[in-house]
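Quick notes on the structure that follows.
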Number of protein chains: 4
Amino acid sequence: MRTKTGNKEQRILEAAVAIFARDGYHHSRISDIAELAGISVGSVYLYFDNKESILNRLFSDLWARLVGQLKAQYRRQDLTAVEKLDIMIDLIFNGFIHHADLAVVFVNEQNFLLNHGRPDFIKHYEAYLQMGTQIVREGIKHGVFRKDVDLVVLRHFTFGGIRHLIHLWAHEPKRFPLLQMRSGIKELVKNSIRVAR
Amino acid sequence: MRTKTGNKEQRILEAAVAIFARDGYHHSRISDIAELAGISVGSVYLYFDNKESILNRLFSDLWARLVGQLKAQYRRQDLTAVEKLDIMIDLIFNGFIHHADLAVVFVNEQNFLLNHGRPDFIKHYEAYLQMGTQIVREGIKHGVFRKDVDLVVLRHFTFGGIRHLIHLWAHEPKRFPLLQMRSGIKELVKNSIRVAR
Amino acid sequence: MRTKTGNKEQRILEAAVAIFARDGYHHSRISDIAELAGISVGSVYLYFDNKESILNRLFSDLWARLVGQLKAQYRRQDLTAVEKLDIMIDLIFNGFIHHADLAVVFVNEQNFLLNHGRPDFIKHYEAYLQMGTQIVREGIKHGVFRKDVDLVVLRHFTFGGIRHLIHLWAHEPKRFPLLQMRSGIKELVKNSIRVAR
Amino acid sequence: MRTKTGNKEQRILEAAVAIFARDGYHHSRISDIAELAGISVGSVYLYFDNKESILNRLFSDLWARLVGQLKAQYRRQDLTAVEKLDIMIDLIFNGFIHHADLAVVFVNEQNFLLNHGRPDFIKHYEAYLQMGTQIVREGIKHGVFRKDVDLVVLRHFTFGGIRHLIHLWAHEPKRFPLLQMRSGIKELVKNSIRVAR
DNA sequence: AATGAATGAGAATTCATTCAT
DNA sequence: TATGAATGAATTCTCATTCAT
């Protein structure tokens with residue numbers, strides 16, 4: 001029996017990221033993905049039900065990974081809320097810094113999926129944001145963050161802001177250096193909620 | 001006499017907003033737009049070169065209007081930088097509050113156009129952000145805002161954050177009330193850059 | 001405005017009969033039908049929803065025509081039941097004698113449609129058989145046909161028998177001359193139900 | 001030792017009947033057949049050249065069996081032509097009464113094969129019909145059947161009629177009870193050719 | 001200007017068959 | 001023999017755009 005190569009699925013996902021980033025999800029062709037992955041068109045369908053499920057899987061993996069990484073830090077007692085917030089932001093940036101293509105897909109297509117029924121990455125995505133909110137709550141309790149922060153607005157505003165900066169970097173890395181933007185963001189976020197003085 | 005023409009063109013744009021919002025740009029059909037506008041498919045092409053140019057025009061109009069509105073306030077000497085920043089944010093929200101469909105299209109499709117060559121709405125879009133940056137600079141000069149704010153990060157971060165909140169509102173207005181989010185944002189933005197104390 | 005040619009639908013149907021007869025419904029390509037009809041592939045879909053609906057329409061037209069023709073004779077008082085039965089059979093044969101292709105499609109594909117939900121030709125088809133049954137009933141009442149004939153079996157048996165002979169003729173007209181088979185059938189049918197003596 | 005082989009081949013054939021009956025030959029998948037047979041897709045091709053040859057084999061087996069059964073009765077001197085005709089019809093019905101699936105395949109797909117070159121079941125099929133004709137000839141010689149019967153028409157008409165009734169039964173056994181139809185058919189057939197009085 | 005019929009390129013998906021193991 | 005992963009040809013249907021009227 002011809003045995004499954006074992007990494008074909010991964011190759012498809014990697015190829016898909018590249019093609020989706022280059023052409024946009026809607027203009028991407030399965031045949032291009034297959035070609036880049038070095039397999040036949042039909043084989044794509046051995047691993048994925050259809051084009052959308054590839055995109056879904058990409059986001060699922062991305063957010064599952066982020067959640068996994070954050071969880072490890074989340075409960076640590078030796079870190080302040082401010083430090084945890086920094087870590088959260090770092091995680092996102094680290095996740096993309098070596099994968100500009102993934103960043104492009106992330107900023108361009110997440111909305112599309114979100115508007116399309118209940119994709120399965122949603123639970124991880126919300127878990128991540130939820131942990132962020134929790135960290136801020138903790139900071140408020142310790143008197144580091146202001147009491148009157150609107151947590152819902154904060155979390156989505158921050159998420160949107162970060163996403164947009166990643167977008168800019170992914171398209172023009174020279175003009176928008178990721179590291180510089182990362183520290184700029186940290187400052188903004190912390191200032192926006194820190195107790196005055 | 002442009003009445004007839006202007007009328008139809010406008011009707012096409014309005015229909016397009018509704019259809020794009022409902023189906024997403026890529027899945028929208030020209031025939032649906034024509035039908036909603038009450039004209040024939042062929043007529044659409046008398047007013048627009050192709051599907052993309054309708055979308056382009058939508059954004060062009062949107063940003064031109066915002067720029068026009070902001071310009072009027074921008075130079076006023078009787079307003080502080082903080083007040084001007086509030087106005088800027090208000091303008092964006094006011095532009096959408098009665099046009100949820102436009103908001104949906106705005107958040108979902110602006111990236112697509114941005115990644116597609118140099119759409120002509122870009123100059124207005126950048127002018128708007130530029131004025132925002134200028135307002136912040138003014139605030140810094142007057143000692144209201146912190147000197148060390150990264151202006152590039154600030155403007156894009158803020159833009160991204162606002163956009164995302166508008167997105168949430170457009171899809172779930174009950175859960176994300178626009179007015180509440182607007183004041184939450186104002187607080188965050190101002191706190192994030194205000195001089196401590 | 002480009003006006004509808006008015007007979008394009010008909011040309012598609014005629015082309016479809018030829019292609020379906022040659023290749024069988026399942027192996028027929030829309031592109032072949034379009035080509036034979038002298039139009040583009042896309043145009044086929046202006047007139048028909050999909051491939052199956054073309055086939056459906058073919059049968060619908062066929063049976064509607066047969067029913068129409070039979071109705072005219074059905075009520076005549078000057079004809080005996082025997083004569084009416086002859087007419088019924090003649091109608092079917094006449095319907096095919098100049099359209100061997102239609103005959104082929106008829107015998108090969110009617111079952112497929114019948115097994116596929118409720119195609120709309122069914123009502124005509126059943127009306128036709130129903131009239132046949134009624135004619136036989138009439139003959140029984142007048143003492144021409146035997147009382148103990150199983151009408152259900154008779155009508156379906158006869159239909160199946162005729163269909164099969166048409167099949168043979170359509171494929172090998174030389175070996176199975178239609179006219180000869182027609183009279184053979186008439187004899188069989190009448191003998192099978194005629195009152196002995 | 002053919003146990004293993006013979007076994008699997010048979011299982012494939014049985015599975016194929018079920019799947020062909022359910023989905024129609026053209027829409028049946030080899031993978032479904034393999035699954036139902038409890039073997040792998042590849043194994044199907046160890047026993048059959050391709051999909052069509054499975055169908056072929058089904059018909060070949062069916063008709064070979066019928067011929068074999070008929071032959072045993074065919075030469076008996078103690079039976080009249082009428083009795084032999086009854087037997088012929090019984091054989092067909094008995095062949096299906098416990099195999100509705102086979103009946104469905106038989107009525108739906110035999111034409112397809114017949115139109116497709118020279119399938120190898122043809123010789124059995126024709127032998128069967130030939131014997132039927134011979135029986136009728138015998139009856140004519142003995143003065144039981146009418147001299148003027150068109151034997152060709154008779155045999156094909158009868159075959160077509162029987163097939164159609166089997167079709168009806170296979171799809172709606174409640175509405176078209178096989179036994180009742182069988183006796184109805186016998187009556188019709190015999191009456192259609194019996195010498196008057 | 002207006003119409004809407006006509007076009008035809010385009011792409012996702014299926015599945016019989018092959019073949020490496 | 002047996003497996004089932006891999007192949008890739010094949011075909012329906014869609015829809016932006018064109019164009020005859």
Side-chain angles (χ1 to χ4, degrees), chain A residues 1-6 8-9 23 26-35 37-54, chain B residues 4-5 7-9 23 26-35 38-54, chain C residues 1-6 8-9 26-35 37-54, chain D residues 4-5 7-9 23 26-35 37-54:
Chain A
M1 175 188 71
R2 226 162 180 173
T3 53
K4 239 173 186 165
T5 343
K8 221 158 270 179
E9 186 174 290
D23 299 337
H26 286 97
H27 291 128
S28 295
R29 277 174 265 153
I30 293 290
S31 57
D32 283 348
I33 294 172
E35 190 180 17
I39 60 173
S40 72
V41 171
S43 292
V44 173
Y45 287 87
L46 288 178
Y47 294 90
F48 296 93
D49 284 344
N50 49 44
K51 194 171 144 183
E52 192 168 318
S53 80
I54 300 178
Chain B
K4 196 85 185 278
T5 296
N7 220 314
K8 250 172 220 178
E9 192 175 278
D23 300 336
H26 289 287
H27 293 125
S28 294
R29 278 174 251 161
I30 293 289
S31 57
D32 281 349
I33 294 172
E35 190 181 17
I39 60 172
S40 71
V41 170
S43 293
V44 173
Y45 286 85
L46 294 175
Y47 296 92
F48 296 92
D49 285 344
N50 50 43
K51 192 171 150 183
E52 192 170 316
S53 80
I54 301 178
Chain C
M1 175 189 70
R2 224 162 180 176
T3 53
K4 238 171 186 166
T5 343
K8 220 159 274 181
E9 185 174 291
H26 285 97
H27 292 127
S28 294
R29 277 174 265 154
I30 294 287
S31 57
D32 282 348
I33 294 173
E35 189 179 18
I39 60 173
S40 70
V41 170
S43 291
V44 173
Y45 288 87
L46 288 178
Y47 295 89
F48 296 92
D49 284 344
N50 49 44
K51 193 170 144 184
E52 192 168 318
S53 82
I54 301 178
Chain D
K4 197 86 186 276
T5 296
N7 220 314
K8 250 174 221 179
E9 190 174 280
D23 300 335
H26 289 286
H27 292 125
S28 294
R29 279 173 252 161
I30 294 290
S31 57
D32 282 350
I33 294 172
E35 189 181 17
I39 60 172
S40 73
V41 171
S43 293
V44 173
Y45 286 86
L46 294 175
Y47 296 91
F48 295 92
D49 285 344
N50 50 41
K51 191 171 150 183
E52 192 168 317
S53 80
I54 302 177

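Every value quoted in this text rests on a predicted model; they were computed, and no experiment measured them. Numbers restart at 1 for each chain; the letters A, B, ... are given by sequence-line order, proteins then strands.
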Exercise. Quick one: is E:dA1 close enough that its OP1 or OP2 comes under 4.0 Å of any side-chain N or O from B:Tyr47?
Worked result: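 So the side chain of B:Tyr47 is outside the cut-off, no N or O lying under 4.0 Å from OP1 or OP2 of E:dA1.
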Exercise. Does C:Lys8 place a side-chain N or O at less than 4.0 Å from the phosphate oxygens OP1/OP2 of E:dA6?
Worked result: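 Indeed, a polar side-chain atom of C:Lys8 lies that close.
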Exercise. In which stems does DNA chain E show up, taking only runs of three or more Watson-Crick or G-U wobble pairs whose two distances fall under 3.5 Å?
Worked result: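 Stem list for DNA chain E: E:2-21 with F:2-21.
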Could you give the [atom1]-to-[atom2] distance, from [X] to [N], as a whole number of Å?
| X | N | atom1 | atom2 | result |
| --- | --- | --- | --- | --- |
| A:His26 | E:dA12 | NE2 | C1' | 13 Å |
| B:Asp32 | E:dG4 | CG | P | 15 Å |
| C:Phe48 | E:dA6 | CZ | P | 13 Å |
| C:Glu9 | E:dA5 | CD | P | 13 Å |

Give each protein N/O atom lying under 3.5 Å from an N/O atom of nucleotides 13-15 of chain E, with the pair distance.
from, atom 1, to, atom 2, distance (Å)
E:dT13, OP2, A:Tyr45, OH, 2.8
E:dT13, OP2, A:Lys51, N, 3.3
E:dC15, OP2, D:Arg29, NE, 3.3

Exercise. Listed by chain and number, what are the side chain to side chain donor-acceptor pair (under 3.5 Å) partners of B:Ser43, not counting sequence neighbours?
Worked result: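 Testing B:Ser43 for side chain to side chain donor-acceptor pair (under 3.5 Å), a comparison that skips the adjacent residues, returns B:Ser40.
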Exercise. Do the rings of A:His26 and B:His27 sit parallel, tilted or perpendicular, given the 30° and 60° boundaries?
Worked result: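 Perpendicular: the ring planes of A:His26 and B:His27 meet at over 60°.
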Exercise. Considering heavy-atom distances to DNA chain E, does B:Ile39 or C:Ile39 have its closest nucleotide positioned more toward the 5' end?
Worked result: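 Looking at the nearest nucleotide for each, B:Ile39 comes out on the 5' side.
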side-chain contact (heavy atoms from CB on, under 4.5 Å) with [X]: which residues, sequence neighbours excluded?
| X | answer |
| --- | --- |
| C:Phe48 | C:Glu9, C:Ile12, C:Leu13, C:Ser53, C:Ile54, C:Arg57 |
| A:Ser31 | A:Arg29, A:Val41 |
| A:Glu52 | A:Tyr25, A:Asn50, A:Asn56, A:Phe112, A:Leu113, A:His116 |

For this session: Give the nucleotide from the list F:dT1, E:dG4, E:dA5 with an atom nearest to the side chain of C:Leu46.
Result: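 Nucleotide nearest to C:Leu46's side chain: E:dA5.
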